[in-house]
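Keep in mind the model is a prediction, meaning the values are calculated, not measured. Note on naming: letters A, B, ... go to the chains in the order of the sequence lines (proteins, then strands), and numbering restarts at 1 for each one.
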Protein chains: 2
Amino acid sequence: MSKEMKIKTFDRILDVTQDLIQTRGYSSISFSEIALLVGIKKPSVIHHFPSKSALVKAVVVRYRSFFSNALNQISESKDKTALQALEFYFIPYIDVGSLGQKICLCGALAGEFTALPQEIQNEVRLFFRDHQSWLEGILTRGKNSKEFHFDDSPSKLAALFLGALQGALVVQRASGNLNYIQDVIIGLKMKLL
Amino acid sequence: MSKEMKIKTFDRILDVTQDLIQTRGYSSISFSEIALLVGIKKPSVIHHFPSKSALVKAVVVRYRSFFSNALNQISESKDKTALQALEFYFIPYIDVGSLGQKICLCGALAGEFTALPQEIQNEVRLFFRDHQSWLEGILTRGKNSKEFHFDDSPSKLAALFLGALQGALVVQRASGNLNYIQDVIIGLKMKLL
DNA sequence: GTCTATAGGTGGATAGAC
DNA sequence: GTCTATCCACCTATAGAC
């Protein structure tokens, strides 16, 4: 028996805001636009989140926590090879890239980094550090198990992976070449042979 | 005998605007701020560039043309090896990254791509296509001359190089790791052995 | 929890004096 | 070419009724 659940206004505001940032960035979006897309009025948005900064911080916190859970789950499932774990990591990049207009939430915010309120800068910084160290962990595991063969340090290679994936989404959208992220992932995987 | 030349207001506006975009992006900067940094008033800026869109377009056109000249010069100097040509290409990325607060002009604009006026979107798109095809050319030359050894297609590898360099600048600034761009370049160069 | 009304500020852009 | 003054649209945010 599936209980019908209405998505709460609170969550719909978060969804709409995240979508807008991934599409257009931080500075160019406004309460009025969010309100319009949610289907309420501007002061109702502010009732749930007292400031733009607080709203966007909540979006990034939720985003970080989504990935934190997903990445922990991947790391802990010992039946997965290191390559399978990496393939799972690539999926959201491929998915968001295929839409053609969106990039990673934190990639979008990082593009305007110096224009962001400090509390948001901090969250974005943590996102990249989390992903950097998760990638380092998977690459190290694959190297130790002789599954991967590379001469770089795992830390430098993780930097290459993270930077390339983030950059590929940005360049793909701007250049209009919809194969960009796929091509980059192929190039990254060839570093592991 | 060096003739003293005052930098014209016109060019100082372009310089200040470019600097601001590389630091903070497109949407969050304003005529007032540009005027303040140039040392004139807002309507004086608008006297030189009739709209924000026209001003930023002029900045991107100048930026593209700077790189267009530099890259042509590198390609045409036949005394340079393909690796030396690549090393020249890396220099501006290393330089801008070392400042800690700036990224590529077009990388910054691409992060807000969907928020940009169409005429600016077009310029940014051309920047990435120019750089993609220049990299493709150098990589092809190095492969044909047996200087480089890689199994990817030159096109896919060029995508990896461009995406990784752009992404590395963004992630470096946001994560606060000042070695990021260097680490990524090391990883890229190892693809050529 | 949602609304109307509004405050106070800043945005891009214009008119017109010097 | 630079300025003061001004316009109007839009921004974040608040007060207070329902």
>> Regarding R64(B) and E123(B), does a basic nitrogen lie under 4.0 Å from an acidic carboxylate oxygen?
In response: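 Salt bridge between R64(B) and E123(B), a charged N being under 4.0 Å from a carboxylate O: yes.
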
>> Tell me whether K189(A) is salt-bridged to E87(A), with the criterion being a basic N under 4.0 Å from an acidic carboxylate O.
In response: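 Salt bridge: yes.
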
> Who passes side-chain contact (heavy atoms from CB on, under 4.5 Å) against F150(B), sequence neighbours left out?
Replying inline: L139(B), K143(B), F148(B), D152(B), P154(B), L157(B), L192(B)

> Which of residues 32-61 of chain A sit near DNA chain D, with a heavy atom under 4.0 Å from it?
Replying inline: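 Those residues whose heavy atoms fall under 4.0 Å from DNA chain D, taken from residues 32-61 of chain A in numerical order, are S32(A), K42(A), P43(A), I46(A), S51(A), K52(A).
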
> Got a sec? Which of residues 9-28 of chain B come in under 4.0 Å of DNA chain D, heavy atoms?
Replying inline: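 Output list: T9(B).
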
> Which heavy atom of L160(B) sits nearest a heavy atom of A164(A), and at what distance?
Replying inline: CD1-CB, 3.9 Å

>> Show the nearest heavy-atom pair for residues A158(A) and Y180(B), with the distance to one decimal.
In response: O-OH, 4.4 Å

> Whole-Å distance between dT10(C) P and I29(B) CD1?
Replying inline: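 The distance from CD1 of I29(B) to P of dT10(C) comes to 17 Å, rounded to the nearest Å.
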
>> I'd like to know whether T114(B) forms a side chain to side chain contact (heavy atoms under 4.5 Å, CB included) with R173(A), so could you lay out the CA-CA distance, the side-chain angles of the two residues, the decisive distance to 0.1 Å, and finally the verdict.
In response: CA-CA 9 Å; T114(B) 317; R173(A) 179 175 66 175; 3.8 Å; yes

> F10(B) vs H48(B) aromatic rings, parallel, tilted or perpendicular, using cut-offs 30° and 60°?
Replying inline: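 Perpendicular: the ring planes of F10(B) and H48(B) meet at over 60°.
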
> Where does the angle between the aromatic ring planes of Y63(B) and F67(B) fall among parallel (under 30°), tilted (30 to 60°) and perpendicular (over 60°)?
Replying inline: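 Ring orientation of Y63(B) relative to F67(B): perpendicular.
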
